[in-house]
Amino acid sequence: MIFTAFLLVTSTHIESYQVTTGPLSRNETYTGISLREESVFKAESSGYVNYYAREGSKINANGAVYGLSSGKIAETKSALTADELEKIRSSMLSFSKGFSGSKFNNTYSFKNQLEGSILQYEGISTDGNADSQVVTIGGQNICKAQEDGIILYSMDGYENKTVENITAADFDQTSYHETDLKTSEKVQAGDNIYTNITSELWSLIIPLSDKQAAKLEGRSTIRVKFLKDDMTQSGDFSIIKIDGNKYGKIDFSRGLIRYASDRFLDIELVTNTVTGLKIPLSAIESKDFYVIPAEYATTDPDSGSVGFNKISKDSSGNNVRTFINATIYGKVKIESDDDSADEAYNYYVDRSAFKEGDAIVKDDSNQRFIVGETDSLEGVYCINQGYAVFRQVDILDQNEEYAIISSNTSYGLSRYDRIARDSSQVKEQDILY
């Protein structure tokens, strides 16, 4: 017991590291301004508003957006066909399945949408004037959308902003103000009443530091992760100048409906795309091995282990084959200019298994290979079993502290393996615990 305690106190304690997966570093996040084609529409006349288009939803040209009446609208009855009733039921079922109590306000928007759908089924107009932008039904002037688009019942003064006229001051969120246009009060003719986003083409403008701009220089496309819902999509990328400062401009052709109600969007530019196993650089060490063509390897019929047939002479001068169960640490493809040739590999073999000048032969012939060529592999010491075993690593990317290595390396590492964090403190086959 005293001897064991002495070893524990005097031996070097090896710090381990559990291999994880992921990118080398976090992608940088930005807050950008959304620019799109949109217009604010005004009330055609005075009256009380009844909303029919669901906010944030798409509407077709001539779809009912809102109605105006001289007083509060009383309930009316509508006769619908069986197909129209089935569409209403289907819409209600979909809403019910996705309903969340934390977003109860969506219920009112859905109610408006249903009422608008019913008006559409009725044909909106009872006087044959369906092409008019304002028609009358049930004592209301029903106002229809002039173009296909996404309906919002708000405005923020950015509706006419473009890449050409946006300023650095527009990115100050502390001075940003959004006006809610929905009201239960009587509106007057000419009052702002809704916004229509009329194109799926939109842009996101993000401020860049000089360092960020240099890193992104030369890119024509980029992948964006929207932090609002963790959705990703790619857009065309360019760097522009606003008031003398550099900004990134990302152009999209889809996905606007998800973010139509957001002027400022928090995003992550997915630039760190290399993923694999993440290990500290301090764990990596180079080690020399004998390089032997894989075609000379054979399998021991008794143990099933892979090794090589070493040929030597006995005391009578006869050739004798001896199976050497050599530890293989790596399998590396041999590069060839002949595309038609079969793939060939070299094995990287522990140098303690052979001496320089030893001869090995193929299993099915007398063709010989003289052991002597050496090469180094980068690797780490795996300590899963309590002793150190060298494992090859294939570095894909690295920074000042960590490296990303391939997870598909022969004789390499796997996720959750434990390795020595500092390779300088370890020698192979050291018993660590």
Side-chain angles (χ1 to χ4, degrees), residues 33-45 49-68 80 83-84 87-88 90-92 94-95 98 106 108-126 128-137 140-163 178-182 191-204 226 228-229 231 233-236 250-263 265:
I33 289 180
S34 173
L35 301 181
R36 56 260 180 145
E37 293 182 22
E38 54 192 324
S39 301
V40 178
F41 290 83
K42 301 180 183 297
E44 299 287 343
S45 59
V49 186
N50 205 33
Y51 301 96
Y52 293 120
R54 186 177 182 182
E55 184 165 27
S57 65
K58 287 186 177 181
I59 190 171
N60 294 327
N62 291 322
V65 181
Y66 68 96
L68 288 172
L80 302 179
D83 288 343
E84 291 167 346
K87 290 178 181 178
I88 293 292
S90 177
S91 180
M92 294 176 71
S94 297
F95 177 78
N106 289 344
Y108 298 102
S109 295
F110 179 66
K111 171 179 173 289
N112 297 336
Q113 182 187 18
L114 282 183
E115 291 175 343
S117 297
I118 292 169
L119 282 176
Q120 289 294 108
Y121 296 146
E122 288 188 34
I124 298 181
S125 176
T126 58
N129 193 21
D131 291 333
S132 173
Q133 295 305 318
V134 180
V135 295
T136 302
I137 183 172
Q140 294 183 81
N141 290 330
I142 305 298
C143 298
K144 301 186 293 182
Q146 297 178 19
E147 299 179 66
D148 296 351
I150 301 171
I151 298 298
L152 298 177
Y153 296 113
S154 62
M155 59 178 291
D156 59 8
Y158 283 64
E159 288 78 17
N160 295 319
K161 293 289 183 182
T162 65
V163 175
E178 183 180 58
T179 302
D180 186 1
L181 299 178
K182 269 195 170 184
D191 285 352
N192 295 318
I193 199 163
Y194 77 94
T195 300
N196 191 8
I197 304 174
T198 55
S199 175
E200 276 289 330
L201 302 177
W202 61 294
S203 299
L204 198 61
F226 295 91
K228 176 182 179 179
D229 54 11
M231 297 292 288
Q233 68 183 69
S234 295
D236 296 329
I250 311 169
D251 298 321
F252 302 102
S253 59
R254 59 185 178 87
L256 176 57
I257 193 168
R258 297 198 303 268
Y259 316 109
S261 60
D262 301 292
R263 181 64 65 183
L265 282 166

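Throughout, residue positions are numbered sequentially from 1 according to the sequence presented. Everything quoted here is computed from the prediction, not taken from an experiment.
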Output yes when a side-chain donor or acceptor of T195 lies under 3.5 Å from a complementary backbone atom of S154, and no otherwise. yes
Rounded at 0.5 Å granularity, tell me how far CG in L152 sits from CG in D180. 11.0 Å
Taking C-beta and beyond as the side chain, do R36 and L256 meet within less than 4.5 Å on heavy atoms? yes
If I take atom CD1 from residue I197 and atom CD1 from residue I257, how far apart are they, to the nearest 0.5 angstrom? 9.0 Å
Compare every heavy atom of I250 with every heavy atom of G235, then report the nearest pair and how far apart it is. CA-CG2, 4.0 Å
Would you name the heavy atoms of L181 and Y51 that are closest together and state the gap between them? O-OH, 3.4 Å
Tell me the closest heavy-atom pair linking A43 and Y66, and the distance in Å. CA-OH, 3.6 Å
Does the side chain of Y259 come within less than 4.5 Å of L204's, by heavy atoms? no
Rounded to the nearest 0.5 Å, the CZ atom of F41 sits from the CG atom of N192 at a distance of 11.5 Å
Give the minimum heavy-atom separation between E200 and G255, together with the two atoms involved. OE1-N, 3.8 Å
What are the two closest non-hydrogen atoms of I59 and A53, and how far apart are they? CD1-CB, 3.9 Å
Are V49 and Y153 side-chain neighbours, meaning at least one heavy-atom pair lies under 4.5 Å? no
Holding to salt bridge (charged side-chain N to carboxylate O under 4.0 Å, His left out), I want the full list of residues that pass it with R263, two or more places apart in sequence or in another chain. E38, D156
Which pair of heavy atoms, one from C143 and one from E44, lies closest together, and at what distance? SG-CG, 3.8 Å
Can you tell me how far the NZ atom of K144 sits from the CG atom of N62, to the nearest 0.5 Å? 4.5 Å
R258: what forms a side-chain contact (heavy atoms from CB on, under 4.5 Å) with it, not counting sequence neighbours? D229, M231, Q233
Between CG on residue D148 and NZ on residue K58, distance to nearest 0.5 Å: 9.0 Å
How long is the gap from CZ on R254 to OG on S234, to the nearest 0.5 Å? 7.5 Å
If we only count heavy atoms from C-beta on, is the N196 to S39 side-chain gap below 4.5 Å? no
